[in-house]
Amino acid sequence: MSRGNLIISAILWFVVALFVIYPLSFLVIESFKIAGTDYYGIQNYIDFFKDPYYLKTFVNTLFLAVLVLITTTLLGLPLAYILARYRLRGKVLFTALILLPIVLPAYAGAFALIVFFGKMGTMNLLLMDWGLISKPINFVFGLHGLVFIQSLHLLPFIVLSLSAGFTNIDPSLEEAAEVEGAGGFKRFLTVTLPLTSPNYLAGAVIVFLWPFTDWLTPLIFGQVDFLPSISYINIAYHFTDMHRKYMGIVSVVVSSVICVGIFLASKTWVERKKYTALSKGTTLEGRIIDPGLLTRVSSYAYMFFIAVLVLLIPIVLGLSAFSRRWVLQPFPSYWTLDNFRLIFLETPALLKNSFLFSGVALLFGVAFGLPAAYLITRTKVPGKDTLDFVITLMLAFPGIAVGVSYLLAFWEGIPLATHWIIMPLSLFIRRLPYFLRMAHASYLQLDVSLEEASEVSGASKFRTFFNISLPLLLKGVFVGLVMFFIMAFQEISTAIFLYRGGWETLPIGIYLNWHRGMEFGIAGAMAFLMIVIIFILLLIVARIGGGILGAAWGSSGGRY
Amino acid sequence: MAFIKIENLLKKFGNMVAVNHIYLEVQKGEMLTLLGPSGCGKTTTLRCIAGLEKPDDGDILIDGQPMFSQGFVPPSQREIGMVFQNYAVWPHLRVFDNVAYGLKIQKFPRHVIKEKVMEALESVGLTGLGRRYPGQLSGGQQQRVALARALVRNPKVLLLDEPLSNLDAKLRERMRFEIKSLVRRMNMTSVYVTHDQAEAMVISDRIAVMEAGNIVQVGVPEEIYKKPANRFVADFIGTTNFIPGEIVEVPKGKELVYIQTEFGQKMLCRVFDSAAAFPNQKVYVSIRPEDVEVFAKPPDGRDNLFKGIIQHRAYLGNFLNFFVNVDSTMIRVQVAYDVRQEEGEELFLFLDPEKCIALT
């Protein structure tokens with residue numbers, strides 16, 4: 001019995017050691033290498049922190065992270081409260097719309113915003129046509145645009161974690177506050193909000209870490225001076241310039257250290273403050289009230305406002321996908337299917353690659369995730385908590401760190417980087433925690449006695465797994481699978497470092513078309529196609545997982 | 001020889017000792033109940049018998065075959081049936097398939113499986129519901145499925161882990177008798193875990209009372225009730241009064257001793273082991289509320305007669321409870337519902353020496 005578990009554990013550890021620990025430690029060691037020599041030292045780090053430019057990118061990134069967190073919190077707090085607490089018609093639809101950005105790649109959103117809000121974009125042209133302004137307003141290019149698009153992309157994380165918090169609070173805690181005389185807003189401030197803080201933090205960390213990971217969106221908005229962006233430029237374009245290459249590697253390591261540090265600090269804090277675990281008897285949907293007329297109207301107005309912002313992305317991308325020469329006009333006038341013809345006829349490899357790589361990554365994910373979830377929830381194998389910990393850490397590692405470390409580690413020695421398998425492999429490692437978390441959550445919901453009953457009936461552990469556990473886990477696992485696929489499908493930050501001619505995926509195609517001379521129509525069409533594919537997958541998940549909330553976030557209910 | 005034999009069983013969770021070197025024997029065809037408050041180790045003991053927990057020390061034998069210590073027989077090889085607290089009926093299998101599961105594993109021919117399952121379903125009163133999914137059944141019906149599943153393979157031992165605790169009071173009472181008669185009819189050796197003393201009284205041939213990982217007393221229900229081994233058992237089983245006191249005198253060769261309490265110089269009281277009793281020993285006199293007799297006027301020639309005032313009068317329908325203040329010690333008394341005395345009135349209590357038990 002426990003012999004089998006030990007073997008599973010050994011295999012999983014081997015995978016983690018080879019594909020997580022080895023490349024990442026390779027990256028760290030490389031960052032200490034003194035350029036042009038075989039010696040190691042901390043010279044690179046001294047150079048990095050002495051250079052005012054790199055220091056500035058560091059401060060910029062931190063500043064961006066703070067701004068994005070503040071913006072998402074201010075936008076998300078009322079939204080989460082409305083969704084969690086008010087009985088409103090059409091709430092499910094609004095929830096679905098508002099959560100959509102979670103599966104829309106941020107770079108796709110950035111394109112859409114530029115087309116709509118750019119200097120010669122729809123908004124400016126309309127305002128000028130109507131004579132309201134004489135010169136175009138700079139809506140998006142710059143820090144404010146970056147904050148705006150990143151906030152829009154990350155809003156769902158805040159909304160989901162907060163609304164989960166609002167729902168999970170034992171209604172009697174709030175009722176007690178009311179009985180004690182704290183009504184309305186006071187109750188919200190003194191009881192509701194503090195009780196929600198662990199949930200909030202869980203979402204806030206994801207939001208805060210994002211600017212340390214996303215290198216592409218700043219580039220699209222013409223911003224370079226952020227840690228991930230400069231890392232990318234230094235490593236991808238200046239690999240011959242030893243100094244810049246090493247500065248790039250150091251900034252990747254610095255970003256990783258910050259991300260992991262913040263992640264661990266918040267995890268510790270959240271674990272120490274699990275308020276919800278203290279109270280019993282929570283109802284399934286928490287406390288839901290029928291709002292008054294004024295609240296109702298303003299709630300709808302607010303939800304509508306956010307939904308419009310979100311919908312702008314697929315609509316604008318759709319318009320540009322079906323048109324050509326959409327320049328200097330508020331709306332396109334020349335409609336065509338040319339863009340799609342180009343994609344399907346000339347570069348079907350992109351689609352094929354995307355499906356192939358994500359699909360293979362998915363197989364890896366299942367082969368690893370199911371045994372890992374089993375090991376962590378159902379056994380007492382020594383080291384399983386460490387395994388869980390290492391895998392969970394991958395949530396915090398910037399994609400760029402995975403990409404760069406794979407490039408460094410799997411070139412010589414273990415030359416995996418010359419085979420296309422490196423692409424799904426890196427996608428799988430990058431999204432390792434996603435599937436595991438969901439399989440883990442499903443496992444936790446599966447009552448142990450259902451498995452024990454099978455063993456008592458004479459079934460072996462192996463047979464019990466296939467007859468009882470797997471069929472019962474299937475729903476939760478399937479939701480996890482599709483989410484994993486969606487995440488892998490839109491992945492770019494890791495893949496960009498590893499692809500070679502012929503391995504381009506849809507996201508890389510989008511990036512290249514944008515990069516190579518503003519083929520906006522094709523880039524837009526690709527992004528639109530990707531959104532359609534993702535949306536179809538999401539619908540499937542919603543069908544099976546029941547409820548859009550569950551679909552977008554799995555059964556883990558807004559925690560990591 | 002005992003059918004189930006547990007020797008020196010030890011089970012720890014980290015530093016916490018859940019089961020502390022216990023010895024227990026269950027005879028063939030007997031229903032033994034492990035009774036105790038939550039956290040006393042009763043469920044852990046049951047799970048050790050099932051093989052769902054691996055003990056840290058000790059021996060477990062079923063039908064003379066070692067299950068633990070000399071190797072470890074996994075639950076699937078122990079030929080046991082088990083009913084879980086939350087039923088553990090598999091939601092993705094129909095009732096028929098739930099019950100047939102173990103038979104299929106044993107590779108019985110299909111017609112035999114069908115015959116046995118039908119018979120099992122009939123015995124628990126679920127005839128005709130085989131094609132339903134568990135989600136379409138009530139809690140009580142799911143409970144019956146679990147029971148049928150546990151019995152269908154005709155296991156050597158039936159284990160029941162608080163099987164009735166999720167049912168409502170009425171149904172629980174009915175199921176007690178159903179389980180008992182079913183198990184009796186099949187002459188099944190079974191171990192039943194519960195924290196409900198009334199349930200244990202009804203269902204068991206013998207009861208093992210557990211406290212903090214130890215078995216404190218094993219006996220038939222009547223014995224447990226009438227001759228509790230210590231204060232814990234007396235308190236846990238039924239309701240009782242505890243009167244703190246000190247032994248004054250132990251007359252030779254008698255089961256009755258004299259005890260000094262706060263309200264009586266010499267109270268006569270039984271001890272089960274007069275050899276172990278000694279003067280100045282601190283004891284608690286236990287007497288059940290229904291064993292106290294009340295008189296409006298003191299009858300002649302009785303020991304253990306005390307005067308008190310009725311502090312509270314509680315009407316419980318079929319009888320009355322008086323809380324009588326005897327020199328500031330409160331004694332609970334159960335009397336017939338038509339006793340007239342009201343709160344504040346005087347009363348004489350006769351604490352029959354034969355029914356007063358001195359416990360340590």
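Numbered from 1 within each chain, the chains take letters A, B, ... in sequence-line order.
- Residues satisfying the side-chain contact (heavy atoms from CB on, under 4.5 Å) criterion with B/Arg206, sequence neighbours excluded, are B/Glu30, B/Leu32, B/Val218, B/Val220.
- One distance of note links CG of A/Leu472 with CG of B/Leu93; it measures 7.5 Å at 0.5 Å rounding.
- Partners of A/Arg463 according to the side chain to side chain donor-acceptor pair (under 3.5 Å) rule, which considers only residues two or more places apart in sequence or in another chain, do not exist here.
- For residues 138-162 of chain B, heavy-atom neighbours of chain A at less than 4.5 Å comprise B/Arg149, B/Arg153, sorted by residue number.
- For the atom pair A/Leu450 CG and B/Tyr87 OH, the distance stands at 13.0 Å (nearest 0.5 Å).
- Taken from CD1 in B/Ile80 to CD in A/Glu455, the straight-line distance is 10.0 Å, to the nearest 0.5 Å.
- When all heavy atoms of B/His92 and A/Asn467 are compared, the closest pair comes out as NE2-O, 2.9 Å.
- Between the B/Trp90 side chain and the A/Ile468 main chain, no donor and acceptor come within less than 3.5 Å of each other.
- The environment of NZ in B/Lys12 is sparse: at most 12 heavy-atom neighbours from other residues, nucleotides or ligands sit within 6.0 Å.
- Shown here for B/Asn86 and A/Ser449, the closest heavy-atom pair between the two residues is OD1-OG, 3.0 Å.
- The greatest number of non-hydrogen atom pairs below 4.5 Å with chain A, out of B/Gly51, B/Pro91, B/Pro74, is found for B/Pro91.
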Could you go through residues 109-126 of chain B and list every donor-acceptor pair under 3.5 Å that involves a side-chain atom there, pairing it with any protein atom two or more places apart or in another chain?
| from | atom 1 | to | atom 2 | distance (Å) |
| --- | --- | --- | --- | --- |
| B/Ser123 | OG | B/Ala120 | O | 2.7 |

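- Listed here is the closest heavy atom pair of B/Ile105 and A/Ser457: CD1-O, 4.4 Å.
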- [ ] Using the side chain to side chain contact (heavy atoms under 4.5 Å, CB included) rule, take A/Glu452 and B/Met82 through it: C-alpha gap first, then chi angles, then the decisive distance, then the call.
- [x] CA-CA 9 Å; A/Glu452 289 175 348; B/Met82 186 160 174; 5.7 Å; no

